[in-house]
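Quick note: residue numbers are just sequence positions, from 1. Side-chain atoms are counted along with the backbone in the values below, which use heavy atoms only and exclude waters and symmetry mates.
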Amino acid sequence: ITYSDRHNLTMTVSLDKTIKMLSPDSGQENMCIPTDLPLWCCNWDVSEPNRICVGGLSGNILLYDIRQTKACLSRVHDIRDVSPIISLSSMSDNVISCSLNSVRIHRKNDSGSFVSENQGIIGPFYDMNYDFSTKSLVLSLRPSVLMSYCRHNVFTYDFMKQKTVGEPVKTFLGTSKLTQMTKASQFCIGGDQLFSSYCEAGESIIIWDIGNKKKASSLMCRDLIIDT
């Protein structure tokens, strides 16, 4: 689920293979776009407000223009990873996507086809969050045999200029318990660049200060949070 202030629409996707646009004012459905894929994630394009991108369970990415929804503009798929796309962001004809197992950059070449580059970052992942204004990329990793805690790796990455993501500038340790793939978010308050995530083991929302590389605050919340 994601919101566009320009259109005042909330976009949702579902395993029923549809993209829906809802009015937050009326609660009414403004648009329903049928696709041929069970869908997991979605986002609005940063530079072109009428464009959207959605990610499917089989590793496919579909790009649409909401003014012409009979067919998608492009279909992006890298056969080297067919795990579900759990998060993605786009700027014009460039897409960064995160699946359960890999992070990839997809760029359209002169012939009109997309070239995908695996960033070589080891998962397993449960979320990705990219802020185009601060050029901050946060990758959230599930607990594994190598690490018993979730981790939030922070990268400084200029999506339009750098070919590869590089090494993380900071790693925040998260929860030791993860039964749901919760979504995190980045935001700025008073010039501070912040990142929030739900800590299931501590039943709280943790707010991290990316600039100062430390925990800024925590909010108790006994309900299971899916999206911060």
Side-chain angles (χ1 to χ4, degrees), residues 1-2 40-43 46 53-57 59 61 76 78 80-91 94-107 116-188 193-201 205-216 225-228:
I1 182 170
T2 183
W40 194 318
C41 61
C42 58
N43 219 333
V46 173
C53 55
V54 297
L57 286 185
I61 298 170
V76 184
D78 190 329
R80 293 168 292 184
D81 186 356
V82 294
S83 64
I85 303 293
I86 58 175
S87 185
L88 75 174
S89 295
S90 69
M91 177 178 281
N94 302 278
V95 182
I96 179 170
S97 69
C98 179
S99 69
L100 293 175
N101 302 314
S102 67
V103 176
R104 296 179 184 273
I105 308 295
H106 316 272
R107 302 187 191 277
S116 301
E117 298 179 5
N118 187 350
Q119 296 302 295
I121 305 171
I122 299 174
F125 305 102
Y126 72 91
D127 190 32
M128 177 193 77
N129 190 282
Y130 184 67
D131 189 316
F132 281 90
S133 61
T134 61
K135 299 178 177 54
S136 174
L137 172 69
V138 180
L139 294 173
S140 299
L141 292 87
R142 303 194 302 271
S144 65
V145 293
L146 300 177
M147 176 67 72
S148 58
Y149 287 83
C150 291
R151 287 160 291 156
H152 306 289
N153 286 342
V154 182
F155 302 80
T156 300
Y157 174 59
D158 191 329
F159 185 36
M160 299 305 293
K161 294 181 179 179
Q162 295 174 246
K163 289 186 176 181
T164 58
V165 171
E167 297 295 323
V169 296
K170 176 63 181 177
T171 297
F172 297 117
L173 287 183
T175 179
S176 58
K177 179 182 178 183
L178 185 72
T179 60
Q180 300 288 333
M181 295 178 66
T182 62
K183 301 290 289 182
S185 63
Q186 292 189 64
F187 54 97
C188 292
Q193 185 183 351
L194 305 173
F195 168 77
S196 66
S197 66
Y198 178 64
C199 176
E200 189 172 343
I205 298 172
I206 307 297
I207 299 176
W208 309 94
D209 189 323
I210 294 179
N212 292 324
K213 302 180 180 180
K214 64 180 182 181
K215 184 168 76 172
I225 302 298
I226 301 300
D227 195 331
T228 61

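Taking 4.5 Å as the limit, some side-chain heavy atom of I210 sits within range of a side-chain heavy atom of Q186. In this structure, the side chains of V154 and P168 stay at 4.5 Å or more apart for every pair of heavy atoms. No side-chain heavy atom of N94 sits less than 4.5 Å from a side-chain heavy atom of I105. At least one side-chain heavy atom of C188 sits less than 4.5 Å from a side-chain heavy atom of T134. When side chains are defined from C-beta on, P124 counts as touching S144, because their heavy atoms get closer than 4.5 Å. Residues N129 and L137 fail the side-chain proximity criterion, which asks for heavy atoms closer than 4.5 Å. Taking 4.5 Å as the limit, every side-chain heavy atom of T182 sits out of range of all side-chain heavy atoms of I225.
Taking CZ of R142 as the start and SG of C150 as the end, the distance is 9.0 Å to the nearest 0.5 Å. Note that CG of N118 is 4.0 Å distant from CZ of R104, once rounded to the nearest 0.5 Å. With rounding to the nearest 0.5 angstrom, the CD1 atom of I86 is 8.0 Å from the SG atom of C41. Put simply, CG on L141 and OH on Y126 are 8.5 Å apart, with the number rounded to the nearest 0.5 Å. The structure places SG of C98 at 7.5 Å from CG of D127, a figure rounded to the nearest 0.5 Å. Rounding to the nearest 0.5 angstrom, the gap separating the CG atom in L194 from the CD1 atom in I207 is 6.5 Å.
Distance alone, capped at 3.5 Å, is enough to place a donor-acceptor pair between the Q119 side chain and the E117 backbone. Side-chain atoms of Q193 do not come within 3.5 Å of backbone N or O of F187 as any donor-acceptor pair. A donor-acceptor pair is defined here as one N or O able to donate and one able to accept, closer than 3.5 Å; no such pair exists between the side chain of N153 and the backbone of T171. Counting only distance, with no hydrogens or angles, the side chain of D131 and the backbone of S133 share a donor-acceptor pair below 3.5 Å. Remark: side-chain polar atoms of T175 are paired, donor with acceptor, to backbone N or O of A201 under 3.5 angstrom. With hydrogens and angles disregarded, no donor-acceptor distance shorter than 3.5 Å links the side chain of S90 to the backbone of V95. Side-chain N or O atoms of N43 include none that pairs as donor or acceptor with a backbone N or O of S89 at under 3.5 Å.
Between S197 and H152 the shortest heavy-atom distance is OG-NE2, 3.3 Å. Contact record, Y149 with G174: CD2-O, 3.3 Å, taken as the closest heavy-atom pair. A pairwise comparison of heavy atoms in V76 and H106 identifies CG1-ND1, 3.5 Å as the closest pair.
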Practice item. Please assess T179 against E200 for the test side-chain contact (heavy atoms from CB on, under 4.5 Å), listing each intermediate value before the final yes or no. Key: CA-CA 8 Å; T179 60; E200 189 172 343; 2.5 Å; yes
Review point. What do the steps show when you test L88 against Y130 for side-chain contact (heavy atoms from CB on, under 4.5 Å), and what is the final call?
Key: CA-CA 8 Å; L88 75 174; Y130 184 67; over 6 Å; no
**Study point:** side-chain contact (heavy atoms from CB on, under 4.5 Å) assessment of Q162 paired with F155
**Key:** CA-CA 12 Å; Q162 295 174 246; F155 302 80; over 6 Å; no
Point to revise | Step-by-step side chain to side chain donor-acceptor pair (under 3.5 Å) determination, S176 to S148 | key: CA-CA 6 Å; S176 58; S148 58; over 6 Å; no
Practice item. Apply the test side-chain contact (heavy atoms from CB on, under 4.5 Å) to residues I85 and I61: give CA-CA distance (whole Å), side-chain angles for both, the deciding distance (0.1 Å), then the verdict. Key: CA-CA 8 Å; I85 303 293; I61 298 170; 4.2 Å; yes
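In this structure F172 satisfies the ring pair (Phe, Tyr, Trp, His ring centres under 6.0 Å) test together with W208, sequence neighbours excluded. Applying the salt bridge (Lys or Arg N to Asp or Glu O under 4.0 Å) rule to R151 yields no partners; only residues at least two apart in sequence or on another chain are considered.
For K215 and D209, the salt-bridge test fails: no basic side-chain N is under 4.0 Å from an acidic carboxylate O.
Using the six-membered ring where Trp is involved, F159 and Y157 have ring planes that are tilted, between 30° and 60° apart.
Counting heavy atoms of neighbouring residues, nucleotides and ligands inside a 6.0 Å radius, atom CD1 of I122 does not exceed 12 of them.
Looking at S196 and S185, their side chains do bring a donor and an acceptor atom within 3.5 Å of each other.
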